[in-house]
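Down below is the structure, laid out as structure tokens.
Lettering of chains follows the sequences in order, A, B, ..., and the numbering in each one begins at 1. All of these numbers come straight from a predicted model, not from anything done at the bench.
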2 protein chains.
Amino acid sequence: MTETLDVPARTNRDKDGVAAVGRALALVAAFDERNPRLTLAELAKRTGFYKSTILRLSVSLERAGFLARDPDGAFRVGAAALKAGQLYQAAFRLGDVALPILRKLAADTGETASLYVREGDMRVCLHRVESAQMVRAIVREGDRRPLDRGAAGKVLRLDQAASELAENGFLVSIGEVSAESAAIAAPVYGADARIVAAISASGPAQRFTPVAIPAMGAHAKAAAAELTTRLGGRFPV
Amino acid sequence: MTETLDVPARTNRDKDGVAAVGRALALVAAFDERNPRLTLAELAKRTGFYKSTILRLSVSLERAGFLARDPDGAFRVGAAALKAGQLYQAAFRLGDVALPILRKLAADTGETASLYVREGDMRVCLHRVESAQMVRAIVREGDRRPLDRGAAGKVLRLDQAASELAENGFLVSIGEVSAESAAIAAPVYGADARIVAAISASGPAQRFTPVAIPAMGAHAKAAAAELTTRLGGRFPV
DNA sequence: AAGCCCGTTCCGCCCCTCGGAATGAGCCCC
DNA sequence: GGGGCTCATTCCGAGGGGCGGAACGGGCTT
């Protein structure tokens with residue numbers, strides 16, 4: 001430390017940020033599902049900071065609502081974190097993320113690809129990319145369909161992974177919405193591992209043969225998995 | 001600055017926390033649902049900070065995952081916020097138990113059911129199940145409302161059972177949070193027989209008629225009682 | 001080409017933060 | 001009861017880290 005500075009002494013000037021901020025956020029990151037409440041001493045042990053440092057940082061964190069304190073003195077994460085987490089989700093204008101995935105699914109299957117979300121006892125098409133084929137399924141954004149018909153409806157109605165879904169990762173429906181149509185759908189999961197949307201490929205029933213279905217299902221499943229991860233979602237165990 | 005310091009110059013020594021941390025968290029708080037993505041210039045305008053300050057703080061925030069940057073340079077809240085938000089919910093060990101109860105309350109009343117806890121002089125929505133109706137109350141997890149408006153707020157402010165509450169076991173508010181909304185709420189008690197949370201059903205005021213309220217109140221009261229017992233809580237004498 | 005606004009880099013001075021010591025309360029055990 | 005731990009909290013000097021402005025360059029529009 002006293003001499004021989006091969007490295008420029010000011011090397012830490014760039015890309016270093018603000019040390020106090022890093023420390024404060026490390027405090028928040030010290031919590032986990034097993035320990036959503038921590039005492040000052042526990043925080044000190046987990047972070048390696050001095051207790052006086054933690055107390056000083058916690059004043060600002062508490063004021064901003066990112067940290068809170070129980071009457072017994074225990075620390076826990078504050079309510080502002082909940083709000084910030086939702087802002088993270090809101091930052092995904094779903095279309096920007098979903099549309100490329102839908103385009104790929106439409107190309108891979110040759111069918112119309114669409115993204116459905118649940119709305120009460122109906123499902124609503126949020127985005128859609130139509131097939132290029134002469135005979136194809138026509139779906140428009142905003143279309144509302146009953147939840148009890150069609151592959152996407154079935155997927156959105158699942159509280160937990162049904163046996164058929166768990167087996168293949170997708171569901172099929174033939175002639176449910178209309179006699180000559182068919183569809184295949186896979187679930188998109190949110191951060192809480194619950195189904196938040198369904199990605200489907202739909203078209204004329206004639207093309208949904210026992211031979212074609214497995215490949216279509218695999219594509220739908222892959223698209224749904226891609227969207228799930230892009231949204232920060234978590235797959236159920 | 002040069003003289004005449006009536007106020008002790010070092011009055012800010014106590015209870016001041018760390019200024020840089022407050023600034024960093026103000027950056028995160030600058031986002032909202034309408035603006036989940038912000039440019040550097042927008043952030044500077046909203047926070048009043050210099051752009052150089054924001055850039056410096058953002059290095060630490062990004063490293064911790066609380067802020068992220070898109071390829072086009074726009075800032076958004078980072079994934080660590082989502083995790084932190086879940087830790088906030090985890091601190092209340094209510095989620096697994098409360099959600100089924102909220103679902104039942106939403107089904108029974110046809111209105112949006114939500115669970116509020118007190119956070120200082122505000123109340124925070126911890127969990128929520130929205131109504132299936134076309135016209136319904138919109139509540140998001142993490143929403144903060146003042147304690148002095150709305151049925152849930154009144155419930156949470158009760159140190160002891162007020163006469164009205166003791167009589168019916170629930171409270172009603174009409175047009176308090178917004179002119180066209182109404183809500184009904186009942187208290188959840190902890191092991192020490194003090195109020196730890198409020199369960200409420202909220203929706204358009206038109207549906208909260210003198211005829212409908214008693215049934216809704218009974219449902220809310222039942223839901224709160226159910227949650228109280230499931231949490232090992234004790235009712236006041 | 002001038003003007004504007006964008007994002008980014010750089011650096012000196014001041015003040016803010018760090019970290020350790022000191023304090024007191026609470027608890028357990030002999 | 002008192003000694004000895006661990007707990008949370010307060011205080012302050014010294015050192016360096018962050019603030020805030022200036023300066024720069026690129027991309028637009030006028």
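- In this structure, A/Leu38 places its CG atom 15 Å from C1' of D/dC7, rounding to the nearest Å.
- Contact record, A/Ala68 with B/Glu119: CB-OE2, 3.4 Å, taken as the closest heavy-atom pair.
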Checklist entry - Run the salt bridge (charged side-chain N to carboxylate O under 4.0 Å, His left out) check on B/Glu226 and B/Lys104 step by step: do they pass? => result CA-CA 11 Å; B/Glu226 165 80 5; B/Lys104 183 175 190 308; over 6 Å; no

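- Rounded to an integer number of Å, the gap from CG of A/Asp72 to C1' of C/dC27 is 16 Å.
- If you measure from atom NZ of B/Lys51 to atom P of D/dA22, you get 14 Å, rounded to the nearest angstrom.
- Comparing C/dT17, D/dG20, C/dT8 by their closest approach to the side chain of A/Ala20 singles out C/dT17.
- In this structure, B/Thr53 reaches the D/dG20 phosphate: one of its side-chain N or O atoms is under 4.0 Å from OP1 or OP2.
- Set against C/dG19, D/dA8, C/dC6, the side chain of B/Ala41 has C/dC6 as its closest nucleotide.
- Under the 3.5 Å distance criterion, the side-chain polar atoms of B/Arg123 are matched with a main-chain donor or acceptor of B/Pro146.
- For A/Ser52, the listed nucleotide lying nearest its side chain is C/dG19; candidates were D/dG18, C/dT8, C/dG19.
- Side chain of A/Thr39, nearest nucleotide from C/dG7, D/dA8, C/dT17: D/dA8.
- Summarising the geometry, the separation between CD1 on B/Ile54 and C1' on C/dT8 is reported as 13 Å, rounded to the nearest angstrom.
- Annotation: B/Arg103, atom CZ; neighbour count of heavy atoms from other residues, nucleotides and ligands within 6.0 Å is above 12.
- OP1 or OP2 of D/dT9 sits under 4.0 Å from a side-chain N or O of A/Arg69.
- For A/Leu55, the listed nucleotide lying nearest its side chain is D/dT10; candidates were D/dT10, C/dT8, C/dC6.
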